[in-house]
Amino acid sequence: MASERTLSIIKPDATRRNLTGRINALFEEKGLRIIAQKRLQLTQAQAEAFYAVHRERPFFAGLVSFMISGPVVAQVLEGEGAVGRNREIMGATDPKKADQGTIRAQFAENIEANSVHGSDSAENAASEIAFFFSGLEVVG
Ligand code: GDP
């Protein structure tokens, strides 16, 4: 499988609990390389734009207010099949359904405050990486 890049976000529930380093260690132990990373406070408009695909969903307003409730860490992960690999490392959206050892099984508080975001396709990864990073900031 070819080397790929994916966009990851460590969400406010995890930065609040000082889990950035533990989550990053899991990515690195499981073969993904962090090739760009920055901590930022999203604005409401930025969070709405990032999650625009979910704008009709009943949880949209709650998701946006959660995502702006504290700092996030946006990052680009690189490795073999990075999009799918990261989805495996993250675990299911609902931590009650996430496999043991996944980030969400270990750290998520609930289905909304679930510690991490990861792109769900290579195509979405490219646009989500461009949302947060310029080409100069991604050093593979
Ligand atoms: P993901 O790809 O596993 O992050 O899941 P989705 O793309 O379906 O949803 C995006 C984010 O919206 C999730 O990571 C959760 O933070 C939130 N979310 C998804 N489903 C629900 C839900 O049923 N209720 C609430 N409150 N939040 C949800």
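Along the sequence shown, residues carry numbers from 1. We count ligands from 1, going down the list as the structure has it; atoms in each ligand are counted the same way.
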Asker: Just to be sure I read this right, does ligand 1 sit under 4.0 Å from the backbone of Ile111, its side chain, both, or neither, counting only heavy atoms?
Answerer: both
Asker: At what distance is the nearest protein heavy atom to atom 4 (O) of ligand 1, and which residue and atom is it?
Answerer: Arg104 NH2, 3.1 Å
Asker: Note the single closest protein heavy atom to atom 16 (O) of ligand 1, along with its residue, its atom name and the distance in Å.
Answerer: Glu112 O, 2.8 Å
Asker: Mind listing the closest non-hydrogen atom pair of Phe107 and Asp13 along with its distance?
Answerer: O-OD2, 4.3 Å
Asker: Check the angle between the aromatic planes of His54 and Phe59 and answer parallel, tilted or perpendicular using the 30° and 60° thresholds.
Answerer: tilted
Asker: For atom 3 (O) of ligand 1, which candidate among Asn110, Thr93, Asp94 provides the closest heavy atom?
Answerer: Thr93
Asker: Quick one: does His54 get a heavy atom under 4.0 Å from ligand 1?
Answerer: yes
Asker: Any N or O on Asn114 sitting closer than 3.5 Å to an N or O of ligand 1?
Answerer: yes
Asker: Might you work through the ring pair (Phe, Tyr, Trp, His ring centres under 6.0 Å) test for Phe131 and Phe50, ending with a clear yes or no?
Answerer: CA-CA 8 Å; Phe131 184 92; Phe50 183 77; 5.4 Å; yes
Asker: Is it possible for you to check whether Lys38 lies under 6.0 Å from the centre of the six-membered ring of Phe132, through NZ or CZ, and within 45° of that ring's axis?
Answerer: no
Asker: For ligand 1, is Lys11 a contact, meaning one of its heavy atoms is under 4.0 Å away?
Answerer: yes
Asker: Is it true that Arg87 lies under 4.0 Å from ligand 1, counting heavy atoms only?
Answerer: yes
Asker: How far does NZ of Lys11 sit from CG of Leu63, to the nearest 0.5 angstrom?
Answerer: 6.0 Å
Asker: What protein heavy atom lies closest to atom 22 (C) of ligand 1? Include the residue and the distance to one decimal.
Answerer: Phe59 CD2, 3.5 Å
Asker: With the 4.5 Å side-chain cut-off for hydrophobic clustering, are Leu7 and Leu77 part of the same group?
Answerer: no
Asker: According to a hydrophobic-cluster definition based on side-chain heavy atoms being under 4.5 Å apart (Ile, Leu, Val, Met, Phe, Trp, Tyr only), do Ile111 and Met67 belong together?
Answerer: no
Asker: Closest by any non-hydrogen atom to atom 11 (C) of ligand 1: pick that one out of Leu63, Val116, Val64.
Answerer: Leu63
